[in-house]
Amino acid sequence: MQAVFDSTFIERLCEQNDVRGRIQVVEEYLLAYLAHNYQPVDTQVAAAVNIINQSAGKRSVRSLMDEVCLCQRHFERKFKYNTGFTPKEYSRIVKFRQAIDLLKNTTEANNLLSVAVNAGYYDVSHFLKEVKTLSGGTAESFLSPTLPQEGLLTYIEK
């Protein structure tokens with residue numbers, strides 16, 4: 001893997017006397033690196049990601065493959081290369097995120113069934129197991145008034 005910063009970067013950075021000059025050097029190097037190494041996202045993968053997001057993770061991988069006109073093996077390879085996740089993993093995370101958003105708007109633990117069903121889970125136990133797997137916590141912890149800030153959910157791999 002090619003290093004982003006080389007020895008000339010360090011020299012130029014050390015020559016700067018103030019923070020603004022250092023920031024400018026870093027920006028110039030990063031922009032040059034992006035210009036040289038940027039690869040556009042595959043349009044079929046981008047379309048699949050949009051479909052998954054719009055469906056809140058409820059679309060099957062088979063229907064995604066049909067929609068973007070790719071065979072399963074090629075679709076999964078391209079998707080993982082461009083996103084870092086398989087289509088199934090990404091859908092699972094999007095579905096989980098939707099469930100947590102629904103759960104944040106729920107005040108009672110007895111509404112877990114409606115949250116689970118509306119988010120696309122088969123039943124409450126499936127939903128609770130998914131919450132434990134992906135967040136490491138319980139569904140009830142998302143009901144509390146001291147929720148973490150937006151975007152701080154943690155994905156825990158097995």
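If you're wondering where the values come from, they're calculated on a predicted model, not measured in any experiment. Position 1 is the first residue of the sequence; numbering continues from there.
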With sequence neighbours excluded, residues passing side-chain hydrogen bond (donor to acceptor under 3.5 Å, both in side chains) with Thr43 =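 side-chain hydrogen bond (donor to acceptor under 3.5 Å, both in side chains) check on Thr43 returns nothing, list empty.
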
request  = Please name all residues satisfying side-chain hydrogen bond (donor to acceptor under 3.5 Å, both in side chains) with Asn118, sequence neighbours left out, ordered by chain then number.
outcome  =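 With sequence neighbours excluded, Asn118 shows a side-chain hydrogen bond (donor to acceptor under 3.5 Å, both in side chains) to no residue whatsoever.
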
Where is the tightest heavy-atom contact between [X] and [Y], given as atom of each residue plus distance?
{"X": "Ala56", "Y": "Gln98", "value": "CB-CG, 3.9 Å"}
{"X": "Ala139", "Y": "Leu112", "value": "CB-CD2, 4.0 Å"}
{"X": "Val68", "Y": "Ala47", "value": "CG1-CB, 4.1 Å"}
{"X": "Val61", "Y": "Pro87", "value": "CG2-CB, 4.2 Å"}

Original post:
Can you tell me how far CG of Leu64 sits from CD1 of Ile52, rounded to the nearest 0.5 angstrom?
Top reply: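 Answer for the CD1-CG pair, Ile52 versus Leu64, is 5.0 Å.
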
Any chance you could measure Leu103, atom CG, to Ser114, atom OG, to the nearest 0.5 Å?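 If we round to the nearest 0.5 Å, Leu103:CG and Ser114:OG are 9.5 Å apart.
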
- request: Take Leu128 and Lys132 through the test side chain to side chain contact (heavy atoms under 4.5 Å, CB included) and record every step on the way to the result.
  value: CA-CA 6 Å; Leu128 294 177; Lys132 179 72 173 172; over 6 Å; no

Are the side chains of [X] and [Y] in touch, meaning some heavy atoms are under 4.5 Å apart?
{"X": "Asp101", "Y": "Arg97", "result": "yes"}
{"X": "Glu67", "Y": "Arg59", "result": "yes"}
{"X": "Phe79", "Y": "Thr86", "result": "no"}

Ring pair (Phe, Tyr, Trp, His ring centres under 6.0 Å) partners for His126, two or more places apart: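 Partners of His126 under the ring pair (Phe, Tyr, Trp, His ring centres under 6.0 Å) test: Tyr121, Tyr122.
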
request  = Kindly state each residue pair satisfying salt bridge (Lys or Arg N to Asp or Glu O under 4.0 Å) with at least one member in residues 49-58, sequence neighbours excluded.
outcome  =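 Checked against salt bridge (Lys or Arg N to Asp or Glu O under 4.0 Å) - neighbours excluded - no pair reaches residues 49-58.
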
Practice task
Please confirm whether the backbone N or O of Asp42 pairs with a side-chain atom of Lys78, one donor and one acceptor, at under 3.5 Å?
Solution key: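 Not confirmed, Lys78 side chain does not pair with Asp42 backbone.
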
Legend entry - Exam field: side chain Tyr90 to backbone Thr83, donor-acceptor pair closer than 3.5 Å: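 Looks like no, no N/O pair under 3.5 Å.
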
Anything under 3.5 Å between a donor and an acceptor, one on a side chain of residues 70-77, the other on a protein residue two or more places apart or in another chain? List them.
unit_1: Gln72; atom_1: NE2; unit_2: Glu76; atom_2: OE2; d: 3.2

Output side-chain donor-acceptor pairs under 3.5 Å for residues 15-24, partner residues at least two apart or in another chain, one line each.
unit_1: Asp18; atom_1: OD1; unit_2: Gly21; atom_2: N; d: 3.1
unit_1: Arg22; atom_1: NH2; unit_2: Gln16; atom_2: O; d: 3.3
unit_1: Gln24; atom_1: NE2; unit_2: Glu28; atom_2: OE2; d: 3.2

**ILVMFWY network linking Tyr81 to Val49, side-chain heavy atoms under 4.5 angstrom** =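 No; tracing contacts between hydrophobic side chains, which count when under 4.5 Å, never links both residues.
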
